[in-house]
Colleague: 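Submitted below is the structure of interest, expressed as C-alpha cells.
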Amino acid sequence: MLVTGLEILKKAREEGYGVGAFNVNNMEFLQAVLEAAEEQRSPVILALSEGAMKYGGRALTLMAVELAKEARVPVAVHLDHGSSYESVLRALRAGFTSVMIDKSHEDFETNVRETRRVVEAAHAVGVTVEAELGRLAGIEEHVAVDEKDALLTNPEEARIFMERTGADYLAVAIGTSHGAYKGKGRPFIDHARLERIARLVPAPLVLHGASAVPPELVERFRASGGEIGEAAGIHPEDIKKAISLGIAKINTDTDLRLAFTALIREALNKNPKEFDPRKYLGPAREAVKEVVKSRMELFGSVGRA
Ligand SMILES: O=C(COP(=O)(O)O)NO
Ligand SMILES: [Ca+2]
Ligand code: NA
Ligand SMILES: [Zn+2]
C-alpha cells in the first residue's frame, strides 16, 4: 500500500531497524525493488531523483505510484535530492508521498528558509519531508575537528534546524559520499558524531551514499568488460552500527547500477547474436532484486511489513 515516508521511517527508528530507499530509473528497477520487498515482507521506499523523473517521465512516475498502491507491503514514493521548490511541487502533483529538498550546499539560513517553505506545501497535502544538513564528503579520520564540523553535520545545528523547519526526517553527513569511490579502503564513518546528533534529533535519520560497492560485484563488473578504478563502499558493519544509533533510511543506488550493468554486459558477451532486450534486461532485473533482498537483510527490515 502507498504510505508516507514518515509512516515507514518513524516505526523503523523506534524499533531500531533500517529501511532501504532504492533509486529507480526504469521498469526493471521498479519491478526488482517491489518484488524484493514483497518476498522479504519488507517496507520499502522507491526513490526517484530529478534525473530519473527527466529520463522516465510519466511512464516512470505513474508506474511507481500505481504499483506502490497495489503492493502488499508499505511503499513510499520519494523524490530524491529535490533541488528546488518547483521540483518538489512536480513530485507532489505526480502523487509522491515523500519529498527531499536538498539545500545542504546553501548557508544555514537559506537551507532553513527553503526547507520550511517545502514543509508547508508538502504537509498541506499530507506528504512528509526529508531535509539535509552537512556536506556529503568522504573524510579522513585524522582531519581536524573544525574542518569536520565545516563539512559533516553539526549536532547542535541539526537540533535547531529540525525545530525551525518542521522537516520529518534528516539526511546527515557523517563521512559517506555518493558513487563508487567513497574513500581509500574502508571509509571513516563518524559514529560518535551520529550518536550526538541522534540524542538531539528524535526524527528518523537518513544515510546517503550508503552503497557497499562489494568487491565481488566490482570484480564481476570488470570481468564483463566494465572499467572501474579502486572502488570502495560503506562496510556492512558500519551500516548496522549507524542503524543502531538512529539511521532509519538508507539510500542505495550505485550497487543496483553495478549489478544491472554487469549482468547486461555478461548476457551480451555470452551471446553476440542476441537482440531480444528481454534476454539481457531480464537477468539484469533479477540481479538487482537479489542485491535489494540482501540489503533488506542487512538493514533488518525483513518481515517488518
Ligand atoms: O545517496 C544516494 C545513493 O548513494 P550510493 O551512490 O552510495 O548508492 N542516493 O540519494
Ligand atoms: Ca546535499
Ligand atoms: Na533522499
Ligand atoms: Zn543521496
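Order of appearance sets the numbers: ligands from 1, and atoms from 1 within every ligand. What you see is a predicted model, and the numbers here were worked out from it, not measured in a lab.
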Colleague: Under the side chain to side chain contact (heavy atoms under 4.5 Å, CB included) rule, collect the residues that match up with Phe188, sequence neighbours excluded.
Modeller: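 Residues passing side chain to side chain contact (heavy atoms under 4.5 Å, CB included) with Phe188: Ile139, Glu141, Lys148, Asp190.
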
Colleague: Output yes if Asp80 passes the N/O/S-under-3.0 Å test against the Na ion (ligand 3); output no otherwise.
Modeller: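 Of the N, O and S atoms in Asp80, at least one lies under 3.0 Å from the Na ion (ligand 3), which means yes.
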
Colleague: Of all the atoms in His81, is at least one N, O or S atom closer to the Na ion (ligand 3) than 3.0 Å?
Modeller: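 Under 3.0 Å: His81 has no N, O or S contact with the Na ion (ligand 3).
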
Colleague: Would you mind checking if Arg117 and Glu120 are paired as a salt bridge, meaning a charged N to carboxylate O distance below 4.0 Å?
Modeller: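 The answer is no: the pair does not qualify as a salt bridge.
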
Colleague: How about CZ on Arg72, more than 12 heavy atoms from neighbouring residues, nucleotides or ligands closer than 6.0 Å, or not?
Modeller: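 For Arg72, atom CZ is not crowded (no more than 12 foreign heavy atoms under 6.0 Å).
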
Colleague: Side-chain polar contacts of residues 241-248 - donor-acceptor pairs under 3.5 angstrom, sequence neighbours left out - could you list them?
Modeller:
unit_1	atom_1	unit_2	atom_2	d
Ser244	OG	Lys241	O	2.5

Colleague: I need the single residue from Glu297, Lys293, Arg304 that forms a side chain to side chain donor-acceptor pair (under 3.5 Å) with Gln40. Which is it?
Modeller: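 Output: one option passes, namely Glu297.
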
Colleague: Would the number of heavy atoms belonging to other residues, nucleotides or ligands and lying under 6.0 Å from CZ of Arg13 be above 12?
Modeller: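 Atom CZ in Arg13 is packed in, count exceeds 12.
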
Colleague: Taking the basic N atoms (NZ, or NE/NH1/NH2) and the acidic carboxylate oxygens, is any pair closer than 4.0 Å for Glu266 and Lys270?
Modeller: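 No salt bridge links Glu266 with Lys270.
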
Colleague: Are the charged groups of Arg90 and Glu86 less than 4.0 angstrom apart, N to O?
Modeller: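 No, Arg90 and Glu86 are not salt-bridged.
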
Colleague: Which protein N, O or S atoms sit under 2.8 Å from the Zn ion (ligand 4)?
Modeller: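 Listed by chain and number, the nearby protein N, O or S atoms are His81 NE2, His178 NE2, His208 ND1.
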
Colleague: Should the ring pair Tyr169 and His78 be called parallel, tilted or perpendicular, given that the plane angle runs from 0 to 90° and is split at 30 and 60?
Modeller: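 Tilted.
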
Colleague: Please tabulate, line by line, the atom pairs linking an N/O of ligand 1 to a protein N/O at a distance below 3.5 Å, with the distance in Å to 0.1, or answer 'none'.
Modeller:
unit_1	atom_1	unit_2	atom_2	d
ligand 1	1 (O)	His178	NE2	3.0
ligand 1	1 (O)	His208	ND1	3.4
ligand 1	1 (O)	Gly209	N	2.8
ligand 1	4 (O)	Gly209	N	3.3
ligand 1	6 (O)	Gly179	N	2.9
ligand 1	6 (O)	Thr254	OG1	2.7
ligand 1	7 (O)	Lys182	NZ	2.5
ligand 1	7 (O)	Ala210	N	3.2
ligand 1	7 (O)	Ser211	N	3.0
ligand 1	8 (O)	Ser211	OG	2.6
ligand 1	8 (O)	Asp253	N	2.6
ligand 1	8 (O)	Thr254	N	2.8
ligand 1	9 (N)	Asn23	OD1	3.4
ligand 1	9 (N)	Asp80	OD2	3.3
ligand 1	10 (O)	Asp80	OD1	3.1
ligand 1	10 (O)	Asp80	OD2	2.7
ligand 1	10 (O)	His81	NE2	3.2
ligand 1	10 (O)	His208	ND1	3.3
ligand 1	10 (O)	Asn251	ND2	3.2

Colleague: Which one of Ile197, Thr115, Val201 satisfies the side chain to side chain contact (heavy atoms under 4.5 Å, CB included) criterion with Met162?
Modeller: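 The passing option is Val201.
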
